[in-house]
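Every chain is numbered from 1, with letters handed out A, B, ... down the list of sequences.
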Amino acid sequence: MSAVELAALAPALALLGALINGLFGRALKEPLPGYLASATVGLGFLFSLFAFFALQSMEEPSVHIALWDYLKAGNFDLSLGFTIDTLSVTMMLIITGVGFLIHLYSIAYMHGDSGFSRYFSFLNLFVAAMLILVLADSFFLMFIGWEGVGVCSYLLISFWYTERANADAARKAFITNRVGDVGFLLAMFLTVFAFGTLNIHEVNELALAGAVSGGLITVIGLFYLLAATGKSAQLPLQVWLPDAMAGPTPVSALIHAATMVTAGVYLIARAGPLFALSPVASTWVAWIGALTAIIAAFAAFAQTDIKKILAFSTISQLGYMFVAVGAGAYWVGIFHVFTHAFFKALLFLGSGSVIHALGGEQDIRKMGGLHKHMKVTSFTSLIATLAIAGVPFFAGFFSKDAILAHVFNSELIGGSKYLLYVLLLVTAVMTAFYMFRWYFQIFRGEERLSEEARAHVHESPALMTVPLMILAFFSVAAGYFGLPEFAFPNVFSHWIERSVEAPVSFGHPSVGLEWFLILLSVAAAALGLGIGYWVYAMRKGEPARGDTGALRNLSASGAGFDALYRPLFIRSSEGLASGLSSLDSNVVNKGVSQGAGSVGLLANVVRWLQTGYARQYALFMFIGVAILALVVALNGGLS
Amino acid sequence: MLGFLLLSAVMIVGAVGVISLKQPVHAALSLVGTLLTLAVTYVTLEAHFLAAVQVIVYAGAIMVLFLFVIMLLNIQGGQQASDMKWLRPAAYGVAVLAAAGIAITAFRNAAPLPDAATINAALQGGGAEQVADALFSEFVLPFQLVGILLLTGIIGATSLVQRKAMTIYGEAQKKVVAAAKPAKAKASVAVLEGPEPAHIAPAPAEPQAQEDIEQELKDILEPDDLKLIKGIGPILEGLLHEHGITTFEQIAALTPEEIEELDEKLDFRGRIEREDWVSQAKLLAEGKKQ
Amino acid sequence: MVPTEYYIALSSIIFVIGAVGVLTRRSAIMVFLSVELMLNAANLALVAFARQWSVAGAATALNGQAAVFIILAIAAAEVAVGLGILVAIFRYRSSTDIDALSEVRL
Amino acid sequence: MTLAVILIPFLVALLVIFSPRGMAYALALLSTFATFICSLFLAGSSPLSRQWIPGFGSYFELSSVGAASVLIPVAALVMIPTVYYAGYKVVERTSGLLALLLAMQAGLNGIFLAKDLLLFYVFWEATLIPSVLMLGIWGREERRQAALKYLIYAVAGSFLMLISILAIKPLSGAVSYRITDLMATTPNLATATQIWLFIGMAIGMAVKLPLWPLHGWLIDFNEQNHVSGVADVAGTLYKVGGFGFFAWALPLLPAAAQSIGLLFLILSAITALYAALIATTQTHLKRFLAYTSLAHMGIVGVGVFGLNIAGLNGAVFLLAAQMLSTGGLFLISGMLYERKGDFDMTAYGGLSKSAPALAALSLFILFTSIGVPGLANFPGEFMSLMGAFQTYPWVAALATLSVIAAGVYGVNAYQRLFQGEQKEAIREIRSAEFLVLVPLLAGILWLGLFPSQSFEHIDEQSSLLTQQLEQVDATPVKLAGGN
């Protein structure tokens with residue numbers, strides 16, 4: 001087994017951890033399940049690293065590991081296997097690396113919880129499913145991981161199940177994801193219809209070879225897009241993610257920020273050639289991403305929950321990634337996944353640290369001035385805030401700038417790209433603004449703590465702050481893998497493009513224009529931060545004014561999608577279901593037992609005959625005899 | 001031919017009698033007449049053994065059984081009006097059609113009879129020996145089966161008729177034994193727990209116990225007209241019958257607990273006590289004895 | 001000798017009289033009596049056919065009569081069980097009116 | 001082996017009726033184990049053929065080639081915990097119930113193994129008796145109504161089926177009722193004749209599938225069966241309508257299948273969606289389970305009537321898988337009822353607190369039932385829908401929507417029972433009950449992770465069927481992967 005193939009063990013390890021914790025967790029003493037789970041993920045990270053280095057020195061772009069033949073029907077063959085290439089290894093590094101840190105952090109965060117081992121079992125199971133998702137060599141296996149992460153997300157959101165709201169949030173997440181999953185299923189059915197296989201590599205090859213018409217590819221692409229919107233919380237299926245914050249905060253960090261939600265981006269990047277061949281589908285991807293980005297950014301403005309702001313920012317950042325892959329810049333999308341994983345995980349873990357310190361308080365209006373109580377959390381959060389806001393020299397700047405530049409230069413998505421560019425630029429301003437609000441309201445300004453929280457407040461233990469620091473380091477460092485191509489060496493693009501060979505071309509504007517674009521994005525970040533400073537630091541912003549404008553309410557309600565969906569989908573389908581239910585029990589089912597309804601006339605005739613009088617039955621019998629006798633007689637006898 | 005017509009006439013008249021005579025006894029006797037005529041007809045058809053069996057088994061044994069049951073149950077004639085009035089004309093109509101159909105077929109397919117000598121040679125008068133030959137060769141399996149069937153019938157009929165009497169007899173036997181012991185020791189009166197159906201009868205000593213058994217048997221076979229009790233209509237009477245209460249004595253002997261139980265089971269809503277069935281029944285039972 | 005068809009006609013008449021009895025009488029015992037009539041009508045037909053199809057020396061000549069014998073035995077069993085049921089029903093409902101026995105209804 | 005899986009349960013059932021409780025229990029359990037072990041060796045066991053009713057051209061012919069060697073082991077596996085649970089939980093007239101369960105199994109195996117149409121019909125009807133008796137004797141208050149309804153549906157359906165079955169041989173001129181002989185001649189029948197014969201058979205089978213709108217009996221059947229859920233499991237195993245279409249109606253009457261299969265496909269899709277939607281509203285646990293299993297059957301129907309080899313394989317596989325998942329859920333419903341005496345899901349809540357292991361197991365089986373990948377139902381569901389999609393994309397897409405509804409009803413049920421505030425603490429799962437679920441869990445994982453062997457077996461039969469179908473139609477059925 002070569003070093004590369006070792007990576008295939010990572011999901012098995014995580015699965016093993018989940019199994020041990022799930023079956024025997026209650027017999028283990030408290031920190032043990034946590035360390036066990038962390039160890040399996042950490043080992044997975046090591047294996048991923050081996051694979052990472054091994055791949056660099058290898059000629060061929062990918063290694064294929066056959067697992068087992070899943071099933072075969074006629075000449076349709078489904079066998080399971082892993083593809084280890086630069087793309088999947090990058091994802092693995094993110095999942096196991098960030099995952100490992102979050103596991104460690106959770107040991108302290110979940111300290112004393114009655115479901116300690118259950119938590120780690122679910123978390124490990126999630127890592128396993130996510131690894132299967134990214135390693136899959138076929139859409140089918142990817143779907144197994146895809147649903148697997150959905151299930152784990154369900155389990156973890158409803159982790160504190162005794163509260164109805166948590167269970168409801170989990171339900172919403174699961175069902176919304178299922179809508180996306182149906183898109184995935186239909187996309188797979190269509191893929192089989194068009195290509196006769198579900199193997200991603202084969203599909204891509206066939207598509208590039210022109211085996212399938214462009215129209216069909218567009219339809220397939222749109223269904224994969226539907227799947228991706230579900231998992232990555234994009235319009236119109238973004239509604240579940242803010243509610244998903246009901247789960248423990250490290251879960252939000254791992255699942256709902258760093259890994260699972262990026263699965264949609266990964267899917268589109270994996271199927272890159274498919275999308276590259278369909279400008280229509282790609283344009284859809286980009287537009288959905290851009291609209292999501294700006295709407296979610298708007299929705300983040302009026303949130304007061306420390307985690308919900310981050311949730312909307314996640315949706316918004318995922319929108320950026322979608323625009324990137326929509327524009328055909330697959331490595332850029334993954335690059336943003338990469339940088340975003342660090343600073344978003346850091347933001348969530350920082351929030352977790354705050355929530356932990358304040359004994360469960362999540363309302364930013366009741367925070368402020370925490371900097372002096374928890375220096376590490378504050379500094380690391382500041383780094384993350386600057387990174388996500390797109391301040392130069394932080395990781396987020398490089399990836400966001402790459403997205404903006406590639407959208408501007410894209411030749412795949414046609415004429416609307418400038419509009420998209422503007423939208424993203426506006427979103428960048430908004431992002432910087434609300435992230436400044438987030439940071440300032442929590443860590444700076446005056447203290448608005450409740451008595452209880454004030455007594456409670458403390459810096460988190462080392463097990464929590466060390467992961468914060470590591471993540472903070474990468475929130476800066478990660479960006480330098482993908483410096484702007486026109487002037488600097490860019491290792492990330494070459495690395496990812498070894499795996500994704502999509503025929504997408506980009507325009508090459510003059511160096512001056514490139515610098516100008518960079519300047520624009522820097523300006524956007526500065527503008528956002530500046531407005532934030534003006535509103536919140538200088539004018540002491542919102543906590544003083546109890547603003548209740550219509551726009552503000554719209555923002556607070558997550559741009560009103562829940563209010564729209566409730567009558568449109570939820571109520572109507574519930575109405576349909578209960579209508580059918582009463583139809584079934586009153587009409588279809590009563591048919592036979594009560595003589596009315598569907599069997600109707602016949603049943604009534606039979607019932608009329610069934611009087612129960614023996615003599616009447618005898619008469620019927622006798623009539624039969626008479627008829628027989630007469631028929632025989634009139635037919636001229638027996639012979 | 002004349003003989004045949006005569007026999008036919010008697011037979012048809014008898015058959016019509018069977019179905020039209022009001023009193024079951026008369027109808028049964030009319031059937032006996034028909035069956036006997038049929039026996040004679042068998043003789044004209046060279047079936048002497050069957051004729052004899054017809055007389056002995058059918059007109060004899062079976063009909064006696066009928067008469068016995070009719071008299072045992074004291075079934076009276078007379079019908080209430082049926083709620084299926086249309087049935088009678090329909091039956092007549094269908095009957096005429098069916099008979100016509102069969103007859104027409106018979107006459108249209110008429111074949112000449114073999115000559116008398118052939119018939120004689122083949123049937124040889126249908127004596128016991130000839131029929132037995134056929135029964136024990138060609139028909140041996142059906143014959144065995146019929147034997148088993150008869151046996152089953154005997155067991156079935158016995159268990160159907162005997163069940164209740166048997167249980168009562170068994171209970172009464174116990175009473176006799178139980179009563180005999182204290183009678184020997186102290187010659188006192190033993191009060192016994194009532195068996196189902198609810199009937200408590202003191203059985204002081206052996207001779208009385210014997211009488212009791214007879215009395216109970218009579219109760220079972222001869223129900224009283226419970227409708228004489230004020231408050232009991234035909235429906236309630238039916239319900240009581242279903243619960244094994246058929247006589248005044250049984251009602252008279254009901255204990256308060258049993259009344260409550262019955263009340264609940266039959267949903268009488270306290271009628272038994274309100275209308276005081278027990279004392280009514282006591283009066284009626286005494287009246288019956290006299 | 002009287003030809004067979006006359007016997008068959010007689011048999012059919014007795015049969016339908018019995019059938020009419022079954023249909024029109026409400027007392028179970030009367031229905032029983034009528035059923036006996038029908039059975040005997042069938043027997044008569046069998047005996048008549050036995051004579052019609054008798055061929056000298058044939059082993060099957062007496063089949064009709066043997067069948068009648070078996071029917072007789074079955075009739076005896078039927079009457080015994082039937083009357084037993086009748087007695088049981090009578091005890092239960094103190095009536096033999098078969099119209100009252102309409103529990104077989106759905 | 002072929003005969004053993006019928007004879008063992010049947011003979012033991014006869015013994016069990018007359019045994020006292022303890023002995024009956026031991027015997028029945030032994031029988032289920034023996035049957036299961038025998039069933040594992042079914043694949044490759046020699047077929048059996050004897051003249052049966054020579055005048056009719058009927059043979060006593062059994063063969064395990066094809067779906068039988070998948071369905072029988074799974075059913076036998078489910079029977080082990082079922083009988084175990086029945087003996088452990090049902091106190092009244094236990095011997096009788098055990099005997100009926102075994103008789104049911106014998107008949108069921110007969111249905112799967114029969115390779116003679118008349119023999120198949122005999123087994124088909126024979127299984128009706130134990131299922132009705134179980135409902136009629138051990139059922140709940142309104143069992144009479146439910147049993148009557150079930151009988152009316154089943155008997156009326158079977159009657160039409162019998163007419164078709166009897167007619168098919170003389171009409172086609174086949175030499176016997178054996179499937180090989182019939183398959184050689186029946187495709188030559190005129191299409192109109194085939195359609196009439198097909199409709200007759202289809203009604204009988206659609207009742208058992210069951211297919212909307214002939215599913216009315218199922219809900220009451222499950223609601224009124226014994227509270228332990230044991231009889232429901234037997235009923236779940238008994239949903240052989242889909243198998244009937246797969247093994248008999250379609251291969252014998254390919255032209256009819258081609259011309260009116262679409263109608264049945266649409267009905268199946270409606271069944272799937274309709275039942276899944278209704279299941280989202282149900283609060284009565286057993287009615288809920290009835291609708292979920294109906295939804296599964298809809299998908300089985302979609303797979304079968306897609307007339308595509310992938311879908312056919314998937315449908316039969318799903319038939320086997322749902323035995324495990326639905327059966328398991330019915331047993332769990334029995335366990336819950338035992339604890340609280342109620343099937344009203346709203347009366348429960350927060351059970352995870354007091355019974356975490358029970359909750360975990362329930363969730364596992366619930367997830368199986370809604371088709372989470374890696375568990376038993378998924379490969380069947382996926383292949384059924386995927387296969388049908390290759391021939392009739394729109395109808396299959398409609399049926400695929402039921403996946404969403406499945407998600408809704410799955411988490412609804414779990415939330416109602418196990419999440420939220422704990423209303424009343426219940427007893428955690430006993431080790432005896434855990435043992436009941438273990439075989440099911442093992443089966444679920446096996447089928448979910450390694451379905452290839454099962455698919456191979458099923459493929460042996462379905463490839464024959466698709467050959468028949470291709471023969472008739474000038475335009476061949478598009479097969480998955482056939483570029």
Side-chain angles (χ1 to χ4, degrees), chain B residues 1 4 8 11-12 15-16 18-19 24 27-28 31 35 38 41-42 45-47 50 53 57 62 65 69-70 73 75 79 82 87-88 91-92 95 98-99 102-103 106-107 110 113-114 118-119 121-123 126 130-131 134-135 138-139 142 146 149-150 153-154 156-157 160-161 223 238 241, chain C residues 1-6 8-10 12-14 16-17 19-21 23-27 29-30 33-34 36-37 40 44 47-48 51-52 54-59 61-63 65-66 68-70 72-77 79-81 83-88 90-94 96 99:
Chain B
M1 190 48 135
F4 172 76
S8 312
M11 217 187 288
I12 291 170
V16 172
V18 173
I19 67 161
L31 182 59
L35 296 182
L38 189 59
T41 317
Y42 285 169
L45 285 166
E46 307 281 330
L50 284 183
V53 173
V57 177
I62 294 180
L65 193 59
V69 170
I70 291 169
L73 301 183
I75 297 168
Q79 301 194 355
S82 165
L87 216 147
R88 184 177 287 268
Y92 290 147
I102 297 170
F107 278 95
L113 269 176
T118 319
I119 292 171
L123 299 180
Q130 282 74 34
V131 177
L135 275 178
E138 193 90 354
F139 287 86
V146 164
L149 182 75
L150 274 173
I154 291 165
L160 270 171
V161 180
H241 281 178
Chain C
M1 280 189 292
V2 182
T4 307
E5 55 267 30
Y6 288 85
I8 303 304
L10 174 60
S12 73
I13 290 167
I14 304 292
V16 298
I17 290 174
V20 167
L23 295 177
T24 55
R25 300 305 297 253
R26 291 177 59 185
S27 165
I29 196 110
M30 300 302 290
L33 291 175
S34 308
E36 295 306 323
L37 267 182
N40 277 289
L44 175 58
V47 175
R51 191 189 59 157
Q52 173 77 37
S54 56
V55 179
L62 280 154
N63 280 7
Q65 295 197 10
V68 169
F69 182 82
I70 286 167
L72 266 175
I74 293 172
V79 165
V81 176
L83 287 176
I85 293 173
L86 198 71
V87 171
F90 188 79
R91 270 191 206 144
Y92 185 64
R93 326 185 55 110
S94 67
T96 61
D99 281 2

Heavy-atom pairs under 4.5 Å with chain C, option from B:A27, B:A47, B:G156 with the top count = B:A47
Determine the minimum heavy-atom distance between B:A106 and C:E5, stating which atoms define it.
-> O-CB, 3.7 Å
Contact winner vs chain B - C:S34, C:A77, C:A9, heavy-atom pairs under 4.5 Å | C:A77
Measure the spacing between CD1 of B:I12 and CD1 of C:I13 and express it to the nearest 0.5 Å.
-> 4.5 Å
Return the option, out of C:V2, C:V20, C:N40, C:L44, with the maximum number of heavy-atom pairs under 4.5 Å with chain B.
-> C:N40
Select one option (side chain, backbone, both, neither) describing which atoms of C:A19 are under 4.5 Å from chain B's heavy atoms.
-> neither
Is there a side-chain contact between C:L62 and B:L135, using heavy atoms and a 4.5 Å cut-off?
-> no
Answer yes or no: is there a side-chain heavy-atom contact under 4.5 Å between C:Q65 and B:Y42?
-> no
Which atom pair, heavy atoms only, marks the closest approach of C:S12 to B:A99?
-> OG-O, 3.8 Å
Can you name the nearest heavy-atom pair linking B:A95 to C:V16, along with the distance?
-> O-CG1, 3.5 Å
Looking only at non-hydrogen atoms, find the nearest pair between C:M30 and B:P24 and report the distance.
-> SD-CA, 3.8 Å
Can you tell which of B:I154, B:V57, B:L149 has the highest number of heavy-atom pairs within less than 4.5 Å of chain C?
-> B:L149
Taking every heavy-atom pair that is under 4.5 Å apart, which of C:L86, C:V81, C:L37, C:I74 has the most such pairs with chain B?
-> C:L37
Got B:L73 and C:I29 here, is their nearest side-chain heavy-atom distance under 4.5 Å?
-> no
One option among B:G126, B:A98, B:A103 has the most heavy-atom pairs under 4.5 Å with chain C, and it is B:G126
Proximal component of B:L35, with respect to chain C [non-hydrogen, under 4.5 Å] = side chain
Looking at B:I102, B:I62, B:L50, B:I70, which makes the most heavy-atom pairs under 4.5 Å with chain C?
-> B:L50
For chain B, which of C:L10, C:I8, C:V68, C:T4 has the most heavy-atom pairs under 4.5 Å?
-> C:L10
Closest contact, heavy atoms only, C:A80 versus B:L65 | CA-CD2, 4.2 Å
Close side-chain approach of C:T24 to B:L87, heavy-atom, < 4.5 Å | no
Tell me, side chain or backbone of B:L113 under 4.5 Å from chain C's heavy atoms, or both, or neither?
-> both
Could you tell me which portion of B:V146 (side chain, backbone, both or neither) has an atom closer than 4.5 angstrom to a non-hydrogen atom of chain C?
-> side chain
Is it the side chain or the backbone of B:L38 that comes within 4.5 Å of chain C heavy atoms, both, or neither?
-> side chain
Closest non-hydrogen atom pair between B:L150 and C:A76, with its separation | CD2-CB, 4.4 Å
Do B:V18 and C:E36 have side-chain heavy atoms sitting under 4.5 Å apart?
-> no
What part of C:I85 lies closer than 4.5 angstrom to a heavy atom of chain B: side chain, backbone, both or neither?
-> both
